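Heads up, the thing below is written out as structure tokens.
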Amino acid sequence: MTENEVRQQLVDAMRTLDARGLNRGTSGNLSARFGSGMFVTPSGVAPDRLTPELMVFVDEDGSVATGAARPSSEWQMHMGIYRRRADAMAVVHCHARHSTILACAHREIPPLHYMVAVGGGASVPVAPYATFGSEDLAEGVVRTLDGRRACLMANHGLIALGPNLAVAMAIAEEIEEQAAVYCGTLAIGGPKLLDEAEMDRILRAFEGYGQPRAGS
Ligand SMILES: [Zn+2]
């Protein structure tokens, strides 16, 4: 993929998050691995004002070209994932409502539906709270992901990664759906959970697909 295609993909994806109600305003940020670093969305620009030129290349050492826009305040979290996860080619972070509700209650998404497994585990855990944009947050998220493709971030939101931006987006959207379903079940007495053996079967079946799917 060319540099211009990556820049345009990030713009389109940011608008998609907004249009689908998965994020609002200038919160949330996206990135895609590129060359020796990544392209990341800029800090504080509303989706309708984003342009491909505003996407920021951050090199592996954290350096940004002179004259480039200021990268998202969460750029260290994105870079931390690329450093530690060879399978991560794109990262989606958003403040989707139901994921954020659970994150604010420090409540992980349990194995209540087989699609929870698109996150790469039997549950979707919550990374410990740390101030937005901090190295501590980046470290906590990377540690919590621990081989998974998604986690919640305490008192903050949701993060997902994938082998490309489309898959990372689909995972984020599905995890938000599972968060909404879980919130719904809590209002009617709580979910009946799938057992560990069944979740193991589902996780193995998802591996067989080659990549998790948005729905099946
Ligand atoms: Zn955020």
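Bear in mind that the values here come from a model prediction, so they are computed numbers and not experimental data.
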Drop me the distance from [X]'s [atom1] to [Y]'s [atom2], to the nearest 0.5 angstrom.
X	Y	atom1	atom2	result
L161	C151	CG	SG	9.0 Å
L10	L54	CG	CG	12.0 Å
I175	H98	CD1	NE2	14.5 Å
L50	E53	CG	CD	11.0 Å
Y182	I109	OH	CD1	9.0 Å

Crowded around [X] [atom1]? As in, over 12 foreign heavy atoms under 6.0 Å?
X	atom1	value
E198	CD	yes
R85	CZ	yes
R70	CZ	no
R148	CZ	yes

Inset, instruction - Answer yes if the side chains of H156 and H93 hold a donor-acceptor pair under 3.5 Å, and no otherwise. - result: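 There is such a pair between these side chains.
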Legend entry - Pair Q9-E5, side-chain donor/acceptor within less than 3.5 Å: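 Distance-only check fails for Q9 and E5.
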Inset, instruction - Give a yes or no on whether L158 and L112 share a hydrophobic cluster (residues Ile, Leu, Val, Met, Phe, Trp, Tyr; joining criterion: side-chain heavy atoms under 4.5 Å apart). - result: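 Cluster IDs for L158 and L112 match.
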Inset, instruction - Decide whether V56 and Y82 are clustered together by the hydrophobic rule: side chain heavy atoms of Ile, Leu, Val, Met, Phe, Trp, Tyr closer than 4.5 Å, transitively. - result: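 Linked within one cluster.
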Inset, instruction - Check whether any side-chain heavy atom of M169 lies under 4.5 Å from a side-chain heavy atom of E173, and answer yes or no. - result: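 With C-beta onward as the side chain, the pair stays apart.
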Legend entry - SB check E139 R84 (cutoff 4.0 Å):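 A salt bridge links E139 with R84.
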Inset, instruction - May I ask you to decide if P52's main-chain N or O and Q8's side chain share a donor-acceptor pair within less than 3.5 Å? - result: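 No, the answer is negative, given that no donor and acceptor are paired below the 3.5 Å cut-off.
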